[in-house]
There are 2 protein chains.
Amino acid sequence: MKARATETQRKTRIQMENEERILDAALEEFSAHGFRGATIDRIAEHAGMSKPNLLYYFRRKQDMYEALIARLLKTWLEPLRELDATGDPLPELQSYIRRKLEMARDFPRESRLFANEILQGAPRIKRLLESELKPLVDEKVEVLHGWMKDGQINPVDARHLIFSIWSTTQHYADFDTQVQVILGPDRGSEGRFEDAARYLETLFLDGLRPQAEKAETPRVRVP
Amino acid sequence: MKARATETQRKTRIQMENEERILDAALEEFSAHGFRGATIDRIAEHAGMSKPNLLYYFRRKQDMYEALIARLLKTWLEPLRELDATGDPLPELQSYIRRKLEMARDFPRESRLFANEILQGAPRIKRLLESELKPLVDEKVEVLHGWMKDGQINPVDARHLIFSIWSTTQHYADFDTQVQVILGPDRGSEGRFEDAARYLETLFLDGLRPQAEKAETPRVRVP
DNA sequence: CTAGAGTTTTATCAAACAGTCAATATTTTC
DNA sequence: GAAAATATTGACTGTTTGATAAAACTCTAG
């Protein structure tokens, strides 16, 4: 392999294919067992290649992990980035919640990888959280404050509001095992998702207090 | 040690002390690294004793883990057990949420241990969840349904309601690292807790939609 | 004080683990 | 199609890990 000073390293077809296979296998292992609990042997086995061959592409265990985390954070923050200050507050929030819920449904392994990392004290991404996540949250908190000042949403602690959106939606990926035990096998995962979306919409918009107690509207409309 | 057939095994002073020290150290390690990621060496070091000595009290790694889980589940479900069908619905829910939040504050390691186990597919406690957790949830779901039928709380999916209480409260233990990054060091952990409690109360009772949109009350009161 | 139960340590083991190396096989490039 | 670049493998290394055996020590009941 000639060293090309200026030119960016080109990746071969095989390289791209294998890196993809490896990262997929690594995601499976890391998300299920955490960094320490995952082993290169199992990742290699799961990727269908020998350990030395895997290490040819990622020289250390940590390299795979970091590649996964880097890729993860990009897509992970996308829904929050899309929260639009100029949009209608309630629909904006609703669609943010729905997007987060979709991510929990479509990328549960990524969610668990992230959960594992934070659970263990985020030793490998604390800096990234400070440099990427924090500023983004600060920015969106301002947006929320604006909406609250205008009376377009109830005045609450904006950061805790964001926490509650994250936790309720990611719960369906991170605690999936428990969710399945409790909901039983009756309702398929598609139905589960719709039930969750409907419930969260009610919770975040109106809470649990019956409308009758808030407004003076009668519970039954008489035509 | 004489084998006493009928009599239950008495524990010596040293035994009780050491088992306590070991379980505390084990909780620290397991909650931070998961079952696979934790090592007996580190637990022993953290407990201030030699590895063979530790293994004298718990012959296998898994024995420590199971002892912790068993102890955990007992206290973990207590708040839900206390949810009282004969009480006032909204205050009952409020105090359930507060108790869960207090547990996240006072027993974060236990919360993380549980999260780790579920995250990894609950291989060791799935059965316990089915035999202990599920029936309890089913029972309390009935209580919630009763309240909904009476119009005392908004009609929502009761199981998802429970999920949202679990996830929002446990978030403060499980994702503590992330919470701290975002809230910054300004507010101490005591203040954080009060902010969270206040926020969750508003969320679960009233949601985000401004009262003015629900009732016909004017947004600005003219004296 | 002492015998035996209970506790701790030293030494050790086999398996699992992250990672290396040189040799071989395959693909790409000219 | 041969040389160069890339990819794969088997054999191996040093370390960590879960677990055991037996000897040595300490505590406690009588």
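So that the names make sense, note that chain A is the first sequence line, chain B the second, and so on, each numbered from 1. Quick caveat: nothing in here was measured; it's all calculated off a predicted structure.
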Rounded to whole angstrom units, what separation is found between the [atom1] atom of [X] and the [atom2] atom of [N]?
X      : N       : atom1 : atom2 : result
Q62(B) : dT17(D) : CD    : P     : 18 Å
F58(B) : dT8(C)  : CZ    : P     : 13 Å
M64(A) : dG19(C) : CE    : P     : 8 Å
D41(B) : dT15(D) : CG    : P     : 15 Å
R42(B) : dT15(D) : CZ    : C1'   : 15 Å
R36(A) : dT16(D) : CZ    : P     : 12 Å
H33(B) : dC17(C) : NE2   : C1'   : 17 Å
R60(B) : dT17(D) : CZ    : C1'   : 16 Å

T39(B), nearest nucleotide to its side chain (from dA18(C), dG18(D), dT20(C)): dG18(D)
Side chain of I40(B) (C-beta onward), nearest among dT17(D), dA19(D), dA18(C): dA19(D)
Identify the pairs formed between an N or O of the protein and an N or O of nucleotides 1-3 of chain C at a distance under 3.5 Å, and give each distance.
none

Give the table of side-chain donor-acceptor pairs shorter than 3.5 Å for residues 30-41 of chain B, with sequence neighbours excluded, one pair per line with atom names and distance.
from	atom 1	to	atom 2	distance (Å)
S31(B)	OG	L27(B)	O	2.7
S31(B)	OG	E28(B)	O	3.2
H33(B)	ND1	R36(A)	NH1	3.0
H33(B)	NE2	R36(A)	NH1	2.8
R36(B)	NH1	H33(A)	ND1	3.1
R36(B)	NH1	H33(A)	NE2	3.0
T39(B)	OG1	R42(B)	N	3.2
D41(B)	OD1	K51(B)	NZ	3.3

Y65(B) six-ring face occupied by R124(B) cation (under 6.0 Å, within 45°): yes
If you restrict it to nitrogen or oxygen atoms, what contacts under 3.5 Å exist between nucleotides 7-11 of chain D and the protein, and what is each distance?
from	atom 1	to	atom 2	distance (Å)
dA7(D)	OP1	T12(A)	OG1	2.3
dA7(D)	OP2	Q15(A)	NE2	2.8
dA7(D)	OP2	Y56(A)	OH	3.3
dT8(D)	OP2	N18(A)	ND2	2.8
dT8(D)	OP2	N53(A)	OD1	3.3
dT8(D)	OP2	N53(A)	ND2	3.2
dT8(D)	OP2	Y57(A)	OH	2.7
dT8(D)	O5'	N53(A)	ND2	3.3
dT9(D)	OP2	S50(A)	OG	3.1

Test log, rule salt bridge (charged side-chain N to carboxylate O under 4.0 Å, His left out), inputs R21(B) and D24(B): CA-CA 5 Å; R21(B) 266 202 302 160; D24(B) 185 80; over 6 Å; no
L161(B): partners by side chain to side chain contact (heavy atoms under 4.5 Å, CB included), with sequence neighbours left out: Y199(A), L208(A), L144(B), V156(B), S164(B), I165(B), F204(B)
Residues forming a side-chain hydrogen bond (donor to acceptor under 3.5 Å, both in side chains) with Q180(A), sequence neighbours excluded: D176(A)
Aromatic plane relationship, F114(A) with W76(A) - under 30° parallel, 30 to 60° tilted, over 60° perpendicular: tilted
Ion pair check, R98(B) and E82(B), cut-off under 4.0 Å: no
Cationic N near anionic O, under 4.0 Å, R99(B) to E102(B): no
Sugar-phosphate, base or nothing in reach of A44(A), heavy atoms under 4.0 Å: nothing
Sequence neighbours excluded - salt bridge (Lys or Arg N to Asp or Glu O under 4.0 Å) pairs with any residue from residues 159-168 of chain B: D138(B)-R159(B)
